[in-house]
Amino acid sequence: MIEKSFADWQALVTQATPDGRALIDGERVWAVSGQTFADTCPIHGQVLAQVADCGEADVDAAVQAARRSFQAGVWCGLRPVERKAILLRFAALINEHREELALLETLDAGKPIRDTLAVDIPGAAYTVAWYAETVDKVGGEVAPVDPRIVGLVTREPIGVVACVVPWNFPLLMAAWKFAPALAAGNSVILKPSEKSPLTALRVGQLALEAGIPPGVFNVLPGQGAAGRALALHPDVDCIAFTGSNAVGRQIMQAAAQSNLKRVWLELGGKSPNIILPDCPDLDKAAATAAAAIFYNTGQMCTAGSRLLVHRDIREDFIARLVERAGKWLPGNPLDPATRMGPIIDPQQWQRVQGFLAQGRAESRLRLGGDTRLGELGGIYLNPTVFEAEPGHAIAREEIFGPVLAVLAFDTLDEAIALANDSPYGLAAAVWTANLNTAHLAARRLRAGTVWVNCYDEGGDMNFPFGGFRQSGNGRDKSLHALDKYTELKSTLIRLP
Ligand code: NAP
Ligand code: MG
């Protein structure tokens with residue numbers, strides 16, 4: 001396939017006509033209140049679409065539709081091969097609409113078109129296809145018990161599942177949740193971020209086209225109120241969330257306050273990337289360290305935002321890193337050559353600016369910190385590198401921007417202690433040529449994913465994804481994700 005040029009994509013922008021209506025019970029509808037909100041495009045900050053601002057009444061309607069479809073068994077009651085076939089069709093439709101969806105995602109979230117085309121959209125399709133394949137393969141157990149008892153351990157769908165997702169990988173994070181939830185037979189309400197609702201809405205339509213019955217997959221855009229109402233709703237059985245720790249706490253509280261719905265949280269991170277002096281390839285490590293923080297403009301829960309470098313090689317490593325950072329100068333995300341796009345919106349930029357100011361006050365700026373391309377109207381921050389001390393704000397807090405804190409250490413023990421000195425525990429990496437050091441370090445790092453001599457590998461669906469400590473609970477991806485969306489049932493049949 002010949003990929004499109006910058007000019008081709010720019011020409012297509014005028015043809016993109018996003019539909020901001022919610023999807024409830026198989027119908028595209030505006031919010032009951034008639035309220036809408038303006039969804040903007042980070043490339044230039046202009047309004048892209050008016051989107052339904054769903055609130056309590058819309059959440060109620062969606063929950064009722066989901067509950068009805070669940071009780072009627074139109075989805076959970078299908079034979080597994082039928083459910084699988086529909087999900088495979090759904091995955092194929094996402095792939096068929098790859099360019100349309102990639103353009104929409106790029107316009108809505110400012111992600112480079114090269115990434116939405118290669119990662120976000122095909123990644124979402126792959127996720128749906130992967131879980132489709134589990135439907136007729138993952139079974140229950142027959143327990144090895146008393147011979148006079150037939151002991152069955154089966155998995156059943158939980159019922160109505162709400163998926164509340166952020167804006168940094170709008171469709172991919174959504175797919176990591178709705179795909180296993182649907183595969184397990186649940187009825188789903190997806191709540192995309194107010195900053196990036198468009199691909200979720202379009203994909204909801206494709207789910208219908210694929211044959212997922214009305215009411216089984218609902219998409220509710222909104223600004224905060226919809227998410228809150230889902231978390232509080234007494235008839236939502238499970239809420240699966242990816243987003244900030246602050247909102248994660250509110251969701252747990254809402255669940256406790258209402259019906260003790262299952263709560264699964266994928267939260268923030270401040271992931272350490274440790275370069276030991278016996279790192280096998282410093283150039284590769286520097287290139288990877290740059291990608292680990294600048295990919296997706298650093299708006300990554302797994303961003304390698306703390307670079308821990310052995311003091312003996314620190315200067316050499318920073319020089320290599322600064323050189324590699326040149327490849328990440330921000331640009332228009334519709335240009336296929338662009339690797340790093342704009343910051344999502346002024347609100348996020350304000351947050352990042354606060355950290356830049358703190359960094360300038362207490363740490364040593366080594367690169368960037370300034371913006372470019374102001375004439376476009378978006379916010380394009382240059383790759384930014386600070387040398388910091390462990391107590392500095394930029395070395396502790398999740399920034400969610402292209403801002404790296406470099407810390408020095410003298411011994412492996414010190415590196416591990418620094419790495420683990422965080423309330424988060426999402427990911428960590430270590431670079432060493434010594435197999436023993438690699439294994440020993442990997443064991444001691446308190447994180448849901450540990451990379452050795454690489455970073456951000458893990459597109460493969462077999463790896464569970466999630467965090468230790470305040471990075472959350474439960475896991476997305478892999479067969480383990482099905483645990484989130486199923487109840488286990490023990491059935492004991494006494495024989496005469
Ligand atoms: P956010 O502000 O927490 O929002 C996430 C979602 O929650 C949005 O859909 C939001 O809706 C909704 N929401 C807001 N208030 C709510 C409430 N009171 N109850 C229920 N839902 C509510 O996070 P974000 O700024 O979009 O995303 C950035 C964060 O996500 C970062 O902290 C990042 O680390 C984390 N993240 C984690 C992972 C992971 O897998 N661990 C992956 C990606 C991102 P509105 O948009 O309508 O407010
Ligand atoms: Mg947007």
Side-chain angles (χ1 to χ4, degrees), residues 18 20 37-49 51-55 59 104-111 162-170 172-174 176-177 190-200 219-233 236 239-255 258 263-271 296 298-303 305 342 344-345 347-348 351 378 397-401 424-427 447-449 458 464-477 481:
F37 65 92
D39 174 26
T40 55
C41 170
I43 299 174
H44 42 56
Q46 309 284 316
V47 175
L48 195 56
V51 175
D53 188 4
C54 294
V59 165
L104 209 51
E105 198 82 305
T106 291
L107 292 175
D108 207 358
K111 297 176 71 101
C163 306
V164 179
V165 296
W167 46 263
N168 61 339
F169 287 83
L172 191 59
M173 290 297 106
W176 283 7
K177 299 198 185 314
L190 170 62
K191 154 70 183 74
S193 165
E194 69 189 71
K195 299 184 206 268
S196 58
L198 299 177
T199 48
V219 187
L220 281 189
Q223 308 181 89
R228 269 194 300 280
L230 283 167
L232 272 172
H233 204 287
V236 168
I239 185 160
F241 171 78
T242 295
S244 63
N245 286 52
V247 172
R249 276 174 212 278
Q250 289 174 25
I251 288 179
M252 269 199 161
Q253 277 169 351
S258 53
V263 177
W264 302 110
L265 304 175
E266 296 283 353
L267 307 173
K270 188 75 184 175
S271 299
N296 208 26
Q299 300 169 147
M300 299 269 291
C301 52
T302 54
S305 51
I344 184 98
D345 68 0
Q347 197 188 347
Q348 179 63 19
R351 182 180 157 78
E397 311 259 350
E398 181 178 57
I399 299 174
F400 233 57
Y424 297 114
L426 194 54
T449 298
F465 180 88
F468 283 25
R469 301 188 286 200
Q470 291 182 35
S471 287
N473 65 325
R475 294 294 182 267
D476 282 336
K477 298 174 67 199

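Starting from 1, each residue takes its place in the sequence as its number. Order of listing sets the numbers, starting from 1, for every ligand and every atom in it.
Minimum heavy-atom separation, Phe465 to Cys301: CZ-SG, 4.0 Å.
Short contacts between ligand 1 and Thr242, defined as distances under 4.0 Å to a heavy atom of the residue, involve ligand atoms 5 (C), 36 (N), 37 (C), 38 (C), 39 (C), 40 (O), 42 (C), 43 (C), 44 (C). Proximity to Met173 (heavy-atom distance under 4.0 Å) selects the following atoms of ligand 1: 42 (C). Atoms of ligand 1 found under 4.0 Å from any heavy atom of Cys301, numbered from 1 in the order shown, are 34 (O), 36 (N), 37 (C), 38 (C), 39 (C), 40 (O), 41 (N), 42 (C), 43 (C), 44 (C). Atoms of ligand 1 lying under 4.0 Å from at least one heavy atom of Gly222, given by number and element, are 47 (O). Interface of Gln250 with ligand 1, defined as ligand atoms under 4.0 Å from a residue heavy atom, comprises 17 (C), 18 (N). In summary, the atoms of ligand 1 found under 4.0 Å from a heavy atom of Asn168, numbered by their order in the structure, are 43 (C), 44 (C). Atoms of ligand 1 found under 4.0 Å from any heavy atom of Gly268, numbered from 1 in the order shown, are 34 (O). In summary, the atoms of ligand 1 found under 4.0 Å from a heavy atom of Gln223, numbered by their order in the structure, are 47 (O).
At a 4.0 Å heavy-atom cut-off, ligand 1 touches Phe241 through the side chain alone. Heavy atoms of Pro192 found under 4.0 angstrom from ligand 1 belong exclusively to the backbone. Under 4.0 Å from ligand 1, not a single heavy atom of Leu230 appears. Using a 4.0 Å cut-off between heavy atoms, Ala231 makes no contact with ligand 1 at all.
When only modelled atom types and interatomic distance are considered, Lys195 and Gln348 share no side-chain donor-acceptor pair under 3.5 Å.
Each of Glu398, Arg469, Glu397 was evaluated against Tyr424; a single residue qualifies, Glu398, per the side chain to side chain contact (heavy atoms under 4.5 Å, CB included) test.
The protein atom (non-hydrogen) at minimum distance from atom 13 (N) of ligand 1 is Val247 CG1, 3.8 Å. The single protein non-hydrogen atom nearest to atom 46 (O) of ligand 1 is Glu194 N, 2.8 Å, given as residue, atom name and distance. Closest to atom 41 (N) of ligand 1, if we only count protein heavy atoms, is Leu267 O, 2.6 Å. Looking at atom 31 (C) of ligand 1, its nearest protein heavy atom turns out to be Glu398 OE1, 3.4 Å.
Within the 4.0 Å cut-off (strictly below), a protein heavy atom is located near atom 24 (P) of ligand 1.
For Ser471, no nitrogen or oxygen atom sits less than 3.5 Å from a nitrogen or oxygen atom of ligand 1, counting backbone and side chain alike. Taking any N or O of Lys195, backbone or side chain, none lies under 3.5 Å from an N or O belonging to ligand 1. The shortest N or O to N or O distance between Val165 and ligand 1 is under 3.5 Å. Checking only distances, Gly243 does come within under 3.5 Å of ligand 1, N or O to N or O. In terms of polar-atom proximity, Phe400 is not counted as a contact of ligand 1, lacking any N or O under 3.5 Å from an N or O of the ligand. Any N or O atom pair closer than 3.5 Å counts here, and Leu426 shares no such pair with ligand 1.
Among the backbone and side-chain atoms of Thr40, an N, O or S atom lies under 2.8 Å from the Mg ion (ligand 2).
For Asp39 atom OD1 and Lys195 atom O, the angle they make at the Mg ion (ligand 2) is roughly 90°, to 10 degrees.
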